Amino acid sequence: MAANTDEVDVVIAGGGPVGVLTANLLGLHGVRVLVLERESTPHGQPRAFSCDDEALRIYQSAGLIDALKPDLRQSRRVTYTSVGNKPIAELHLSEVDFGFGYTPIWFFYQPLLEKALREGLTRFEHAKLRLGTEVETLEQDPAGVTVRTRDLASGERGAVRARYLVGCDGGRSTVRGLLGIAMEGRSYEEPWIAISGTVPEDAAPPECSIVCDPERPGFVGRGPVGQFRWEFRLRPGETGEEMVQPNSVRRLISPYVDPEKVKVERAQLYTFRCLVAPRWREGRTFLAGDAAHMMPPFMGQGLVSGLRDAANLAWKLARVIRGRAPEALLDTYDQERRPHVRTMLDATVRLGYVFQARNTPTALVRDLVLRGLQRIPSVRHFVEGFRFKPPPSIEEGWLLGGRRSGRAAPEGSYFPQPRVRLSSGEERLLDDTLGPGFAVLSRKNGPATEAAHALAEALGGTAVTVGPAGLSSTDSLTVEDHTGRLAEWFTRHGVDLAVVRPDRFVFGAVPLARLPELRTALGVDRT
């Protein structure tokens, strides 16, 4: 091996949010990781703008939520407006609780987000970020991957030898191209414009609106640190060169804000893409984020889907690298994530059809139907409760039984995260007690608690005993379920203990009588 070849466990191509989050998660597990980023300076542009409760829970699992949350803005209400700016629906998001610890929609300022993620890497001596370095070639063999690199400033060439490579290098992924993987799906040719800027608090428009006017569909969102985002579809005959000009930008935003009060930072054209790579693993190389999938922005799920990729893949890589799981575990990354991405993409496209009516008569019919449907309580609850977003779930993969047996089954579901109370009286979100690895939760009774501790020890994870409200305990691994949500979950599924994976999906939940089956499926009794 050449003297100028670095050696790590995992090399990541791409230093955006997905790549750097993956590195942070690997760093928590003690994995040696190197991130290669082509740009030599931090990204200064506000590209992505929104995330959800799942994203915040993933940031929490990486130990970064305290650093990120001060620069996030919670969206409490989303208004859908139509012709004449008349409201047709409202989502009262501050009242929506999917049980994962956070409300459903949050806005961020990408430069601050990326800064916090990159600073997070400094927690680990074994995690590094190398800027101004591009990937030129990759070579795979049964033992690992060799990535040939070039320093863009000096032209100097080098190499990195790793057991695995993760391509998080965006929609024009070099890694995907080197693997010869072509995306499948379609691109929408209609151009849109995204305008980012700052607005003083006293001049700010409402915090979030989805504009469903066929004359100019769009989005208006209020972010942190005075940030606002406007996105609009261009009309036939409007050119991109014309619409990014200052006067055109002022005309576009003037119905929503006094343009004299806006400091425009960015006006960028884009088109929608609904693309998914047909496979996300090739040998020892994986694709994640936009390198694996791209979707329209109507549900704000593009970046979040990439964060889910990171959460799913990182712990699996760590477990295989540390010799605690067979190589075959890595095949479940594609198996588990790609179907959910397709489901989310389909839901996003359907929502886009709803608010992108092509003409005024069609829009008026749509509005009439939507208003009528909202008089039906179940439909109103579906809309106002944000239930049209596909829930997080795994239908097939590394689960007890290999697949989810139905929507009500615990296996493959996202485990709830209520607030719990410790023996000290402190309240915290549940995941802060579970730790970064596996967790085995049990109801407070002798046999179940003993079994959970033994199983957690075999998995190298944490055992947590769930007790009722009013519980008095000096055991630091016992939590008081004062909200009753965990008790309700155990009772609804008729189980005594649950194995929760590091990505917070349930591997398996069983009554004590099925404990041997659970242990066998986890492979902890193998010699």
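Numbering starts at 1 and runs along the sequence shown. Note that the structure is a prediction, hence the values are computed from the model and not measured.
Side-chain atoms of Asn24 come within 3.5 Å of backbone N or O of Val20 as a donor-acceptor pair. Side chain of Asp71 to backbone of Leu112: no donor-acceptor contact under 3.5 angstrom is found. In this structure a side-chain-to-backbone donor-acceptor pair under 3.5 Å is missing from Arg150 to Val135. A donor-acceptor pair is defined here as one N or O able to donate and one able to accept, closer than 3.5 Å; no such pair exists between the side chain of Asp53 and the backbone of Thr103. Looking only at distances, no side-chain donor or acceptor of Arg163 sits under 3.5 Å from a matching main-chain atom of Gly144. Put simply, the side chain of Ser173 never gets that close to the backbone of Asp169: no donor and acceptor are under 3.5 Å apart. When atom types are taken as modelled, the side chain of Arg123 and the backbone of Gly120 share a donor-acceptor pair closer than 3.5 angstrom.
Annotation: Tyr102 is not in aromatic contact with Tyr59 [ring centroid separation under 6.0 Å not met]. For an aromatic pair to be called close, the ring centres must be under 6.0 Å apart, and Phe415 with Phe505 fails this. Side-chain rings of Phe228 and Trp230 approach one another, their centers coming within less than 6.0 Å.
For the pair Leu56 and Cys51, the minimum side-chain heavy-atom distance is below 4.5 Å.
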**Report entry** Intermediate values then yes/no, side-chain hydrogen bond (donor to acceptor under 3.5 Å, both in side chains), Thr285 and Gln140
**Finding:** CA-CA 8 Å; Thr285 300; Gln140 302 194 78; 3.2 Å; yes
Query - Derivation and outcome, salt bridge (charged side-chain N to carboxylate O under 4.0 Å, His left out), residues Glu282 and Arg176 - result: CA-CA 9 Å; Glu282 183 74 34; Arg176 189 182 66 237; over 6 Å; no
Query raised in the report: Yes or no on salt bridge (charged side-chain N to carboxylate O under 4.0 Å, His left out) for Arg407 and Glu395, after CA distance, side-chain angles and deciding distance?
Result: CA-CA 9 Å; Arg407 291 185 64 183; Glu395 302 305 315; over 6 Å; no
Requested in this report: Quick one: do Gln417 and Gln60 satisfy side-chain hydrogen bond (donor to acceptor under 3.5 Å, both in side chains)? Show the steps, please.
Outcome: CA-CA 11 Å; Gln417 185 186 203; Gln60 179 190 354; 2.7 Å; yes
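Counting heavy atoms of neighbouring residues, nucleotides and ligands inside a 6.0 Å radius, atom CZ of Arg273 does not exceed 12 of them. Around CZ of Arg222, the count of heavy atoms belonging to other residues, nucleotides or ligands within 6.0 Å exceeds 12. Atom CZ of Arg76 sits in a sparse spot, with 12 or fewer heavy atoms from other residues, nucleotides or ligands closer than 6.0 Å.
Both the sub-6.0 Å distance and the 45° axial angle are not jointly satisfied by Arg338 relative to the ring of Tyr333.
Each of Arg161, Arg32, Arg130 was scored for a salt bridge (Lys or Arg N to Asp or Glu O under 4.0 Å) with Asp6, with one residue passing: Arg130.
Across every non-hydrogen atom of Ser61 and Leu25, the tightest pair is OG-CD2, 3.8 Å.
Applying the side-chain hydrogen bond (donor to acceptor under 3.5 Å, both in side chains) test to pairs two or more places apart or on separate chains, those with a residue in residues 234-249 are Arg216-Glu238.
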